[in-house]
Amino acid sequence: MARVIPQLIDGEWQTSHSRELIEVTDPATQEVLALAPKATADEIEAAIASAKRAFLAWREVPVPERARLMLRYQHLLKEHHDELAEILAGETGKTFADAKGDVWRGIEVAEHAANICSLMMGETVENVAREIDTASYIQPLGVCVGITPFNFPAMIPLWMFPLAIACGNSFILKPSEQDPLTPNRLAELFLEAGAPKGVLQVLHGGREVVDALLVHEDIRAISFVGSVPVGQHIYRTGTQHLKRVQAFAGAKNHMVIMPDAPKDQVISNLLGASCGAAGQRCMAISVAVFVGESKAWIDELAAQIAELKPGYWNDASAAYGPLISQQAKQRVLRLIAEGKAEGAECLVDGSQCTVPGYPNGNWLGPTLFRGVTTKMGLYREEIFGPVLVCMEVDTLEEAIELVNASPYGNGTSIFTRSGGAARHYQHAVEVGQVGINVPIPVPLPFFSFTGWKGSFYGDLHAYGKQAVRFYTETKTVTSRWFDDTPVSGPNMTIQLK
């Protein structure tokens, strides 16, 4: 029988007393890798109480000492990088290269947390009134909670607890029950780096555990990444109980392709951005918007996407791995079938995909649709699979109108050689992260990771459109230009070197 993984409570790895266990399976074979417990009410209370006690001591630790903990931690993460990637690949099905990228993006956040000293500095002004000086201080909140999804079990936990703890908070991590082995190993290394007792707790389970954390009076702040319905539930419940909440939710990311863009680079980038990680990324490109004559490239895109093959995580030739579960696969198959029934043209159909040697895997081949409309489920729903839909418009303005009409606003990109078109798009589009000739514009940790509209629920949503706005939204733009291409726009012509 598979082992029951422990929970980290009060500085010790403890076996849960829960009789409810969740199978953690290899999505390529259905082999049960481990059993995750559903934390009991007593275990949740014990973790929160320990985190509360730890906070009172940890907040008094000098900021440079907290930074040194993060320096030791990022060093250990780098030493164990490939080990972490192998654990991650085994429980998510990601290819080894993709798994290593997942771990590395998390390490970058731990590195950033080691710079916490300058980020914790406040502000001072002398003589704000006669003989009166004012100073502001940045201080920690208390016990914080992170609720993380299955698709990035290293990167997303590392988005959360290193920065929260470096700022002087204590932290309770509730990772996805579908792949908890990687988060447990991250926590083991954090203890090895010298983390004090109780500063980090790890609880396992499903919705019941999350709901208990959302309403507990000793929890001060909650971070979440996941689907729209769950994000809305966490935001509503947490704020109703007067907690700070940031909930990153779903997406429907568009790539706009202008006729002047380099065709080969566009197609190459679309392949990875749509099918990488089996499309199970909140930043995946799931809609390609072809402007004007660029629509002639769709047939070539179809020919190349059909060549992508999924495979087991240690298969170096595999483009991506299986979906996380049978339920996830059935949901994508439903959307593919509905798209066909609604009249979309399926140019490449991966519904019947098989991988030799792995008959029980949650495989889905690359799938490409043309003739999709905004009324179809293929367009309205976040697919979260290796499925790309193609839409065609005549002008850039039509493309912007299409993107802005979407209820989501997580990421988008435009491929063009025109500086004017790029400048106009990044300014006019109502999306939080914009790539210019970059397919997936995920910023490094020292930039804001932003979502707009239905892709994010946080402080900005606490104010109606008619209310006074105390915050502004951040738009993060990541761009690259082609080395030998003139970039032109209104009143400018620049030859980039």
Side-chain angles (χ1 to χ4, degrees), residues 9 20 38-56 59 138-150 156-157 159-161 163-165 167-177 200-251 282 382 407-410 432 448-474:
I9 300 174
E20 295 185 84
K38 293 184 179 180
T40 66
D42 287 345
E43 290 162 355
I44 295 168
E45 286 293 337
I48 295 172
S50 172
K52 187 176 181 180
R53 289 192 302 271
F55 166 68
L56 297 176
R59 67 176 299 178
I138 297 176
Q139 296 188 332
L141 289 169
V143 182
C144 301
V145 167
I147 303 160
T148 60
F150 75 85
I156 295 179
W159 278 358
M160 296 181 182
F161 74 81
L163 283 169
I165 291 172
C167 289
N169 303 286
S170 59
F171 200 88
I172 299 172
L173 177 64
K174 208 303 287 182
S176 170
E177 62 274 21
L200 175 65
Q201 323 273 333
V202 181
L203 295 174
H204 296 296
R207 175 169 179 162
E208 297 83 3
V209 178
V210 171
D211 286 345
L213 294 169
L214 292 179
V215 302
H216 199 285
E217 61 182 1
D218 290 332
I219 302 298
R220 294 293 307 279
I222 300 156
S223 289
F224 167 79
V225 177
S227 67
V228 169
V230 180
Q232 290 174 341
H233 169 72
I234 285 173
Y235 177 70
R236 290 190 180 109
T237 307
T239 53
Q240 183 181 0
H241 288 82
L242 306 180
K243 306 181 189 311
R244 294 191 184 185
V245 180
Q246 56 178 9
F248 294 91
C282 64
E382 184 178 30
Y408 301 107
N410 196 11
S448 296
F449 190 103
T450 63
W452 286 12
K453 299 188 288 188
S455 293
F456 174 76
Y457 299 91
D459 288 346
L460 295 179
H461 287 256
Y463 302 96
K465 290 185 177 180
Q466 305 305 316
V468 176
R469 292 293 296 273
F470 291 97
Y471 297 88
T472 57
E473 292 180 306
T474 300

Verdict with reasoning, His233 to Leu214, per side-chain contact (heavy atoms from CB on, under 4.5 Å): CA-CA 10 Å; His233 169 72; Leu214 292 179; 4.1 Å; yes
Glu45 side chain reached by His216 side chain, heavy atoms, under 4.5 Å: yes
Main-chain N/O of Leu141 paired to Arg220 side chain as donor or acceptor, under 3.5 Å: yes
Interatomic spacing from OG in Ser170 to CD1 in Ile165 - rounded to 0.5 Å: 7.5 Å
Leu213 side chain near Ile222 side chain, heavy-atom distance below 4.5 Å: no
Asp218 side-chain N/O to Lys52 backbone N/O, donor-acceptor pair under 3.5 Å: no
Pairwise side-chain contact, Val245 with Tyr457, heavy-atom cut-off 4.5 Å (strictly under): no
Trace of the side-chain contact (heavy atoms from CB on, under 4.5 Å) decision for Ile48 with Ile172: CA-CA 8 Å; Ile48 295 172; Ile172 299 172; 3.7 Å; yes
Donor-acceptor under 3.5 Å (Asn169 side chain, Ala164 main chain): yes
Under 3.5 Å: donor-acceptor pair, side chain of Lys38, backbone of Gly206: no
Side chain proximity check, Gln246 to Phe456, heavy atoms < 4.5 angstrom: yes
Test log, rule side-chain contact (heavy atoms from CB on, under 4.5 Å), inputs Val228 and Tyr408: CA-CA 10 Å; Val228 169; Tyr408 301 107; 3.5 Å; yes
Distance-minimising heavy-atom pair for Pro175 and Val202: CD-CG1, 4.1 Å
Exercise: identify the closest heavy-atom pair between Gly226 and Pro149: CA-CB, 4.5 Å
Gap between atom CG of Leu173 and atom NE2 of His204 - 0.5 Å precision: 8.0 Å
Distance, nearest 0.5 Å, that separates CG of Leu200 from SG of Cys144: 12.0 Å
Minimum heavy-atom distance between Cys282 and Ala251, given as atom pair plus value: O-CB, 3.1 Å
Point-to-point distance, once rounded to the nearest 0.5 Å, from NE2 of His241 to CD1 of Ile219: 12.5 Å
Which atom of Ser455 lies closest to which atom of Gly409, heavy atoms considered: OG-N, 3.1 Å
Side chain to side chain contact (heavy atoms under 4.5 Å, CB included) against Ala39, all qualifying residues, sequence neighbours excluded: Gln7, Glu43, Ile44, Leu203, Val209
Tyr235 (side chain) donor-acceptor with Gly458 (main chain) under 3.5 angstrom: yes
Ser50 versus Gln201, closest heavy-atom pair with distance: OG-NE2, 2.9 Å
Side chain to side chain, Met160 and Thr148, heavy atoms closer than 4.5 Å: yes
Spatial distance of atom OG (Ser227) from atom CD (Gln232) [nearest 0.5 Å]: 9.0 Å
Between CD1 on residue Ile156 and OG on residue Ser176, distance to nearest 0.5 Å: 10.0 Å
Closest non-hydrogen atom pair, Gly454 against Ala249: O-CB, 3.8 Å
Residue pair Thr237 / Val210, side-chain heavy-atom distance below 4.5 Å: no
Beyond-backbone contact of Arg59 with Gln139, side-chain heavy atoms, under 4.5 angstrom: yes
